[in-house]
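In what follows, a structure is listed as structure tokens, so that the remarks can point back to it.
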Amino acid sequence: ERSYFRLIRSHKLSGDLHKCVEVFNLMVSAGLQWKEQTGCTMVEVYGKLGQIEEAESIFQDMRNRGGYPDVVSCNTMLNVYAQAGMPEQADQLFQQMAAKGVTLPDTQSYTIVMKAYGKAGRSRESMVLFQAMREEGLELDEVSYNTVINVCGGEMPAMEAVRLIREMQENGYSPSMVTRNAILSVVAKSGRMEDVQELFEDFTEQGSVDGYSFSIVVDAFGKRRQLEKMEATISAAAAARISSVEMYNAAIDAYGKAGLFGTMENGLMRLQSVGLHPNAVSFNSIIHSYGTCGMLTEMEEAFERLRVAGLKPDIYTFNTLIAAYGDADMPHASVQVLRQMHEEGIFPDEVTYNSLISAFEKAGDFLEAARWSLWKNQAGFSSK
RNA sequence: UUUGCUACUUCCAGGA
């Protein structure tokens with residue numbers, strides 16, 4: 001058991017999730033009974049693969065074996081729901097933990113459920129949990145504060161935000177880099193670019209900016225199509241020798257969405273010229289940009305370039321292609337992409353089904369659209 | 001080193 005666990009863990013660390021599943025299946029078919037640690041790791045692995053049902057089934061096995069899963073396993077399952085954008089399921093498990101009294105939720109449990117609601121745009125529920133957390137007398141650590149800033153910061157009146165930061169400091173957490181970046185990100189999402197600039201300048205003077213800070217600002221300028229300011233920020237990052245793939249990806253996406261394909265491609269070159277390597281996100285942006293304006297040849301070439309770069313397409317890549325062919329009134333090409341996706345071991349998610357349904361609707365094939373809608377439901381996704 | 005926080009990409013919706 002132990003050596004299987006170690007093998008699974010090392011595959012997980014190197015990011016090869018399919019290998020984890022392989023080893024786990026081997027272990028099961030060898031008749032070995034896995035321990036909670038192993039189960040917990042597999043819950044996380046299946047979650048990252050988007051196979052929520054598998055994760056649930058492992059977790060359920062843990063329950064069936066008598067003793068309730070410990071708080072770590074529960075938190076892992078909660079986090080799978082959070083990542084998958086399933087706040088109700090997370091909350092349900094959370095309630096069960098509290099009700100049964102065997103595995104009381106801890107600070108992390110609360111934090112994860114707050115994040116789950118936050119991701120779903122339901123910051124009100126997150127605030128309620130935050131209050132509950134204080135009433136329970138639970139310790140609020142830096143991560144939980146940062147999470148609150150991230151999910152509720154945008155909705156909070158300025159005064160309340162200031163109070164939160166002060167409370168954080170009183171509890172012994174002076175704003176860390178993560179906290180500063182979370183604030184920067186919240187302000188950036190609100191679209192107040194003058195404030196973003198001012199904050200960023202302050203942070204820069206204080207010498208507390210990192211790769212996250214730069215990409216947050218580059219992305220914010222890019223999304224608002226303030227391309228010259230975006231470029232100035234990229235130059236500043238280069239001068240400070242703090243460049244990241246994410247920063248360049250944000251620029252590539254901005255140029256692509258602005259229809260400036262030459263500059264977009266140039267962004268990919270620049271990324272490489274500073275010694276960075278593009279990732280799937282880089283190509284996904286490019287594929288999307290060509291796809292949405294009907295440049296299907298260029299799109300397919302970009303898909304090919306992704307592989308030539310030694311990268312693997314992910315769920316975003318496939319969903320983007322499916323949507324692009326749908327847009328181009330080629331729903332059967334979309335289905336072809338789905339097959340390819342399946343062959344590569346990637347499971348369709350809700351977006352995949354939505355795109356296929358739209359593809360057939362757009363082509364006027366409502367019967368086929370209805371069938372995909374049915375299949376979507378059968379796969380456990382609710383109707384649109 | 002079995003779990004949680006800040007940056008980039010897909011459908012839909014929303015917001016301006």
Holding to side chain to side chain donor-acceptor pair (under 3.5 Å), I want the full list of residues that pass it with A/Asp365, two or more places apart in sequence or in another chain. none
Using side chain to side chain donor-acceptor pair (under 3.5 Å) as the criterion, list what pairs up with A/Glu36, not counting sequence neighbours. A/Ser73
Provide, to the nearest angstrom, the distance between the [atom1] atom belonging to [X] and the [atom2] atom belonging to [N].
| X | N | atom1 | atom2 | value |
| --- | --- | --- | --- | --- |
| A/Leu13 | B/U2 | CG | C1' | 11 Å |
| A/Asp141 | B/U6 | CG | P | 13 Å |
| A/His11 | B/U2 | NE2 | P | 17 Å |
| A/Ile322 | B/C12 | CD1 | P | 13 Å |
| A/Leu199 | B/U6 | CG | P | 18 Å |

Considering only NZ, NE, NH1 and NH2 on the basic side and carboxylate oxygens on the acidic side, decide whether A/Arg65 and A/Asp61 come within less than 4.0 Å. no
Strictly below 4.0 Å, N to O, side chains only: are A/Glu198 and A/Arg192 in salt-bridge contact? no
Does NZ or CZ of A/Arg63 fall inside the cone over A/Phe59's six-membered ring, less than 6.0 Å from its centre and within 45° of the axis? no
Protein N or O to nucleotides 14-16 of chain B N or O, pairs below 3.5 Å:
none

By side-chain contact (heavy atoms from CB on, under 4.5 Å), which residues pair with [X], not counting sequence neighbours?
| X | answer |
| --- | --- |
| A/Val71 | A/Asn75, A/Met97, A/Thr103, A/Asp106, A/Ser109 |
| A/Glu205 | none |
| A/Asn79 | A/Ala82, A/Gln83, A/Ile112, A/Lys115 |

Base, sugar-phosphate or nothing for [X]? Non-hydrogen atoms, less than 4.0 Å.
| X | result |
| --- | --- |
| A/Glu350 | nothing |
| A/Arg180 | nothing |
| A/Thr107 | base |

Can you give me the dot-bracket string for RNA chain B, 5' to 3', counting Watson-Crick and G-U wobble pairs with both distances under 3.5 Å, using [ ] for crossing pairs and | for partners on another strand? ................
Select one nucleotide: of B/G4, B/U1, B/C5, the one nearest the side-chain heavy atoms of A/Val178. B/C5
Atom pairs under 3.5 Å, N or O on each side, protein against nucleotides 7-10 of chain B: can you list them with distances?
residue	atom	partner	partner atom	Å
B/A7	N6	A/Glu246	OE2	3.4
B/A7	N1	A/Glu246	OE1	3.1
B/A7	N3	A/Ser215	OG	2.4
B/C8	O2	A/Asn249	ND2	2.6
B/U9	OP1	A/Lys223	NZ	2.7
B/U9	O2	A/Asn284	ND2	2.7
B/U9	O4	A/Tyr316	OH	3.4
B/U10	OP1	A/Lys257	NZ	3.2
B/U10	O4'	A/Thr320	OG1	3.2
B/U10	O2	A/Asn319	ND2	2.9
B/U10	O4	A/Tyr316	OH	3.3

Between A/Asn171 and A/Tyr145, is there a side-chain donor-acceptor contact under 3.5 Å, judged purely by atom types and distance? yes
A/Gln336 and A/Arg339 side chains, donor-acceptor separation under 3.5 Å: yes
Short of 4.0 Å, heavy atom to strand atom, which residues of residues 111-122 of chain A count as contacting RNA chain B? A/Thr111, A/Ile112, A/Lys115
Suppose we screen for ring pair (Phe, Tyr, Trp, His ring centres under 6.0 Å). Which residues come up paired with A/Phe318, at least two apart in sequence or across chains? none
What pairs of donor and acceptor atoms, side-chain ones from residues 12-21 of chain A against any protein atom, are under 3.5 angstrom apart with sequence neighbours left out?
residue	atom	partner	partner atom	Å
A/Lys12	NZ	A/Glu44	OE1	2.9
A/Ser14	OG	A/Ser10	O	3.4
A/Ser14	OG	A/His11	O	3.1
A/Asp16	OD1	A/Lys19	N	3.4
A/His18	NE2	A/Gly345	O	3.2

Contacts of type salt bridge (charged side-chain N to carboxylate O under 4.0 Å, His left out), residue A/Arg270, not counting sequence neighbours: A/Glu231
With a 4.5 Å cut-off on side-chain heavy atoms, are A/Met42 and A/Thr76 touching? no
